Trainee: 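This is the structure I want to talk about, given as structure tokens.
Predicted model, so just to flag it, every value in this text is computed and none were measured. Along the sequence shown, residues are numbered consecutively beginning with 1. Order of listing sets the numbers, starting from 1, for every ligand and every atom in it.
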Amino acid sequence: MATHPGRLTAPERPERPAPDAPASYALRAEQVVRRYGDRVVLHGIDLALEPGEFVALLGRSGSGKSTFLRAVAGLDDGVAGSGLLDVTERVSLSFQDSRLLPWARVADNVALGLTGPGPRARSVTALAEVGLAGRERAWPHELSGGEQQRAALARALVREPELLLADEPFGALDALTRIKMHALLRELYERHRPAVLLVTHDVDEAVELADRVLVLDEGRIAVDLAVELPAPRTRRDPRFQNLRDTLLAALGVAGRATATDGPDLTKTKEPR
Ligand SMILES: Nc1ncnc2c1ncn2[C@@H]1O[C@H](COP(=O)(O)OP(=O)(O)OP(=O)(O)O)[C@@H](O)[C@H]1O
Ligand SMILES: [Mg+2]
């Protein structure tokens with residue numbers, strides 16, 4: 001477990017964990033605040049992810065999802081001293097744009113910065129895992145958008161991260177490719193078991209993939225909902241639809257007018 005330098009307010013760190021707390025977290029945030037000038041975007045985020053937990057983060061556009069992810073990734077010095085942010089050292093990132101380097105072949109992109117034995121062989125294995133065997137020597141521009149996202153996933157997972165941070169990784173893909181990517185991500189997750197924090201606009205994506213769904217609203221985690229649906233999850237399942245309606249209502253989009261007849265939005269997951 002590492003703390004981003006300068007980001008920890010030492011007196012706020014509890015001296016010892018609560019008796020029922022897990023031995024370690026992939027991510028632990030307490031009262032994380034982010035201001036831009038006078039505007040407070042994150043009002044004090046409290047969130048903990050256990051190792052191997054798959055969490056989706058929903059929220060209206062501009063609600064601060066990317067801001068929070070950047071803070072967790074250690075890409076934002078502006079949250080310094082605003083609370084506690086403990087993050088595992090082995091973090092991988094993935095974004096809407098695959099961010100492959102255009103001048104490096106796909107296998108070199110995946111292997112870039114890899115330490116330890118056999119980076120090339122590990123890159124080739126990772127590419128095979130995402131269905132890109134045989135495309136190792138392709139240039140990124142020779143891949144379709146979906147293939148580029150597969151390569152980006154391979155690059156993220158080849159590092160065997162303990163925490164995968166993904167900011168709308170499928171946001172730019174067509175609906176069919178997105179469905180295939182969902183299946184692939186879940187399959188890779190089952191195999192590698194990193195903790196995942198997936199930012200998405202897509203409520204169906206969140207319920208289909210995650211075991212816990214959060215809604216960020218007004219700079220706070222307003223909803224923390226456990227998804228306890230058996231695999232394979234189908235959108236036709238009434239329980240799926242119920243969760244979907246509840247989340248849509250929480251997002252102020254549609255669905256149920258009030259959440260009172262659905263799961264309790266704040267108490268389905270004990271605060272940690
Ligand atoms: N560098 C910055 N300077 C000033 N304001 C910023 C900056 N970066 C983000 N913001 C503001 O912070 C708020 C949250 O932005 P953020 O990108 O985190 O939203 P988001 O939830 O990821 O939205 P989207 O779903 O559209 O991606 C927005 O109102 C945005 O304008
Ligand atoms: Mg964003």
Trainee: Between Ser66 and the Mg ion (ligand 2), is there a contact where an N/O/S atom of the residue lies under 2.8 Å from the metal?
Mentor: yes

Trainee: Could you tell me which atoms of ligand 1, counted from 1 in the order shown, lie closer than 4.0 angstrom to a heavy atom of Arg60?
Mentor: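 Within the 4.0 Å cut-off of Arg60, ligand 1 contributes 21 (O).
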
Trainee: With a 4.0 Å cut-off on N to O distance, would you call Arg233 and Asp211 a salt bridge?
Mentor: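 Salt bridge between Arg233 and Asp211, a charged N being under 4.0 Å from a carboxylate O: yes.
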
Trainee: Taking only heavy atoms of Ser63, which atoms of ligand 1 are found under 4.0 Å from at least one of them?
Mentor: 19 (O), 21 (O)

Trainee: Identify, for atom 17 (O) of ligand 1, the protein heavy atom at the shortest distance, and state residue, atom and that distance.
Mentor: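 Atom 17 (O) of ligand 1 sits closest to the protein heavy atom Ser66 CB, 3.7 Å.
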
Trainee: Taking distance alone, with N or O pairs closer than 3.5 Å, would you say Val41 contacts ligand 1?
Mentor: no

Trainee: Run down the list Arg35, Arg34, Lys65, Gln96 and name the one with the heavy atom closest to atom 21 (O) of ligand 1.
Mentor: Lys65

Trainee: Could you tell me whether Thr67 approaches ligand 1 through its side chain, its backbone, both or neither, with non-hydrogen atoms closer than 4.0 Å?
Mentor: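 Contact part for Thr67 vs ligand 1: both backbone and side chain.
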
Trainee: Salt bridge or not between Glu53 and Arg212? Use side-chain N to carboxylate O under 4.0 Å.
Mentor: yes

Trainee: Which residue holds the protein heavy atom closest to atom 14 (C) of ligand 1, what is that atom called, and what is the gap in Å?
Mentor: Gly62 O, 3.4 Å

Trainee: Would you name the heavy atoms of Leu127 and Glu136 that are closest together and state the gap between them?
Mentor: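 Of all heavy-atom pairs spanning Leu127 and Glu136, the closest is CD1-CG, 3.9 Å.
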
Trainee: With a 4.5 Å heavy-atom cut-off, do Asp76 and Arg34 have their side chains touching?
Mentor: yes

Trainee: Out of Ser61, Gly37, Ala71, who is nearest to atom 24 (P) of ligand 1 when you count heavy atoms only?
Mentor: Ser61

Trainee: Determine whether Arg137 and Glu142 make a side-chain contact, defined as any pair of heavy atoms from C-beta on separated by less than 4.5 Å.
Mentor: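 No, too far: nothing below the 4.5 Å cut-off.
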
Trainee: Please state which protein non-hydrogen atom is closest to atom 7 (C) of ligand 1 and give its distance, to 0.1 Å?
Mentor: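 Of every protein heavy atom, Tyr36 CZ, 3.3 Å lies nearest to atom 7 (C) of ligand 1.
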
Trainee: Find out whether Arg120 and Ser123 are in side-chain contact, i.e. whether some heavy atom of one side chain is under 4.5 Å from a heavy atom of the other.
Mentor: no

Trainee: Can Arg178 and Asp202 be counted as an ion pair, charged N to O under 4.0 angstrom?
Mentor: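 The answer is yes: the pair qualifies as a salt bridge.
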
Trainee: Using a distance-only test with no angle check, is there a side-chain donor-acceptor pair under 3.5 angstrom linking Thr177 and Asp174?
Mentor: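 Looking only at side-chain atoms, Asp174 and Thr177 do form a donor-acceptor pair, the distance falling under 3.5 Å.
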
Trainee: What protein heavy atom sits nearest atom 29 (O) of ligand 1, and how far off is it?
Mentor: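 Going by distance alone, atom 29 (O) of ligand 1 is nearest to Arg39 NH2, 2.9 Å.
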
Trainee: Does ligand 1 come near enough to Gly59 that some N or O of the ligand is less than 3.5 Å from an N or O of the residue?
Mentor: no

Trainee: Does Asp245 pair with Arg239 as a salt bridge, N-O distance under 4.0 Å?
Mentor: no

Trainee: Of the backbone atoms (N, CA, C, O) and the side-chain heavy atoms from C-beta on, which set of Glu168 has a member under 4.0 Å from an atom of ligand 1: side chain, backbone, both, or neither?
Mentor: side chain

